[in-house]
Amino acid sequence: MKITEEKLQEQELKAKFQDASQLGFGRIFTDRMFTMRYANNEWTEAKIEKYKNFTLDPSACVFHYSQEIFEGMKAYAAEDGRILLFRPEQNVRRMNNSAARLVMPTIPEEDMLQAIEELVLAEKNWIPRAAGTSMYIRPTMIATEAFLGVHPSAEYTFFVILSPVGAYYKGGFQPVKLYVEDTFVRAAVGGVGDIKTGGNYAASLMAGYRAQQKGFSQVLWLDAKERKYVEEVGAMNMFFVYGNKLVTPALSGSILPGITRASVLELAKHLGLTAEERTISIDEVIEDIATGAITEAFGSGTAAVISPVGSLTFKEKEYVINNNQVGPNTQHLYDTLVNIQYGRQEDPFGWVKEIGRL
Ligand SMILES: *Cc1c(COP(=O)(O)O)cnc(C)c1O
């Protein structure tokens, strides 16, 4: 794919962040973005241009019917200056699955990868190097046709923006408290819970907001039909540890198939742990926490990589896991994954892709 690169003048460039240890998440964006338009059944105008506002018709489909999909991934700066992506082909494939589900056009995998890689390289001076920091990458597709009828849009914009992000665990690798949501649901089987579309997040805001008001960091979702089976957490998949065995909810159709989840499952086996994907009820979980059969619990996702869970609160009762301490398997999986991502440890899986040098 031919990508045109717009030349930016020195005075158009933004002031860079001063202190990478102060970076938060998703508020700072780089100088450039990738954009490409879809019309008349083809993708055209692939370009890396100045990061700027879009001009869209107020009747554009995306504003009214949420025909929108996105991805979330990161570029890491290795200590030796290599720029690394983690399993980017998985994000590209998932983006196309999301597109197909919402009757949006797919993008050839190699073109989407090229767009991401060329943009990251064009903006490599923005990749932070302080411990635990990275460059968050947000590929997005929106429906842009100006028409209020309910139908798949005939026009789209695909874009990629970049945000340097700080270390997720600034105050140390700390367990979080989850609220088990037994009223609201995130997604039902047959719906769109298994793809990354903004509507899923809109549907989750009320429960998340209420849980935060009560002092919880996130919600643990149950299945939509019976409010009985554990699904996932906010933007993370859920794992329970039984000694040397991991249990994670099977991909039921309403759970997002996380790339970190898949990586944890593979890595666990490599490290000599066993791993099961199956349905697991909240009653079973609570019982197994109470008896001590569940020894650790954690969430998995690109932002946090692994987030230890210290307690679940279900029907006003708190169930504390491992004395609210980070368990050994959680710590080991986290350290190993992060070391692979930053190129500090050998990658026996071929997950890490070097795309250039700082
Ligand atoms: C993105 C996401 C995840 C985690 O997926 P990763 O590929 O591991 O980042 C989990 N749940 C939801 C709802 C998500 O949107």
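Note that ligands are numbered from 1 as they come in the structure, with each ligand's atoms numbered from 1 the same way. Note that these values count all heavy atoms, side chains included, but never hydrogens, waters or copies made by symmetry.
The aromatic ring centroids of Phe349 and His270 lie less than 6.0 Å from each other.
Between the side chain of Arg227 and the backbone N or O of Ala224 there is at least one donor-acceptor pair closer than 3.5 Å.
For the pair Lys245 and Tyr242, the cation sits on the ring face: its NZ or CZ lies under 6.0 Å from the ring centre, inside 45° of the axis. Figure legend: Lys317 and Tyr319 shown as a cation-pi pair, the cationic atom lying under 6.0 angstrom from the six-membered ring centre and within 45 degrees of its axis. Because its NZ or CZ atom is both nearer than 6.0 Å to the ring centre of Tyr51 and within 45° of the ring axis, Lys14 counts as a cation-pi partner of that residue.
A heavy-atom separation below 4.0 Å is not found between Ser263 and ligand 1. In this structure, Glu71 has no heavy atom closer than 4.0 Å to ligand 1. Under the 4.0 angstrom criterion for non-hydrogen atoms, Arg94 is in contact with ligand 1.
Of all protein heavy atoms, the one lying nearest to atom 8 (O) of ligand 1 is Thr260 OG1, 2.6 Å. For atom 9 (O) of ligand 1, the nearest non-hydrogen atom of the protein is Thr302 OG1, 2.6 Å. Taking atom 14 (C) of ligand 1 as the reference point, the nearest protein heavy-atom neighbour is Lys196 NZ, 3.0 Å. Here the heavy atom of the protein found nearest to atom 15 (O) of ligand 1 is Tyr201 OH, 2.6 Å. The closest protein non-hydrogen atom to atom 5 (O) of ligand 1 is Gly258 CA, 3.4 Å. Protein heavy atom closest to atom 12 (C) of ligand 1, with residue, atom name and distance, is Glu232 OE1, 3.4 Å.
Note: Glu232 CD to Arg186 CZ = 4.0 Å, rounded to the nearest 0.5 Å.
Among the atoms of Gly72, none of the N or O lies under 3.5 angstrom from an N or O of ligand 1.
Residue contact check: Arg186 has heavy atoms under 4.0 Å from atoms 13 (C) of ligand 1. Close approach of ligand 1 to Met236 is summarised as follows: ligand atoms under 4.0 Å from at least one heavy atom of the residue are 10 (C), 11 (N).
When Val160, Ile355, Thr30 are each tested for a side chain to side chain contact (heavy atoms under 4.5 Å, CB included) with Val120, only one passes: Ile355.
Taking all heavy atoms of Ala304, Ala235, Gly301, Ala303 into account, the minimum distance to atom 3 (C) of ligand 1 is reached by Ala235.
Ring orientation note: the planes of Tyr179 and Phe216 are tilted relative to one another, at an angle of 30° to 60°. Note: Phe86 and Trp351 have perpendicular aromatic rings, judged against thresholds of 30 and 60 degrees for the angle between ring planes.
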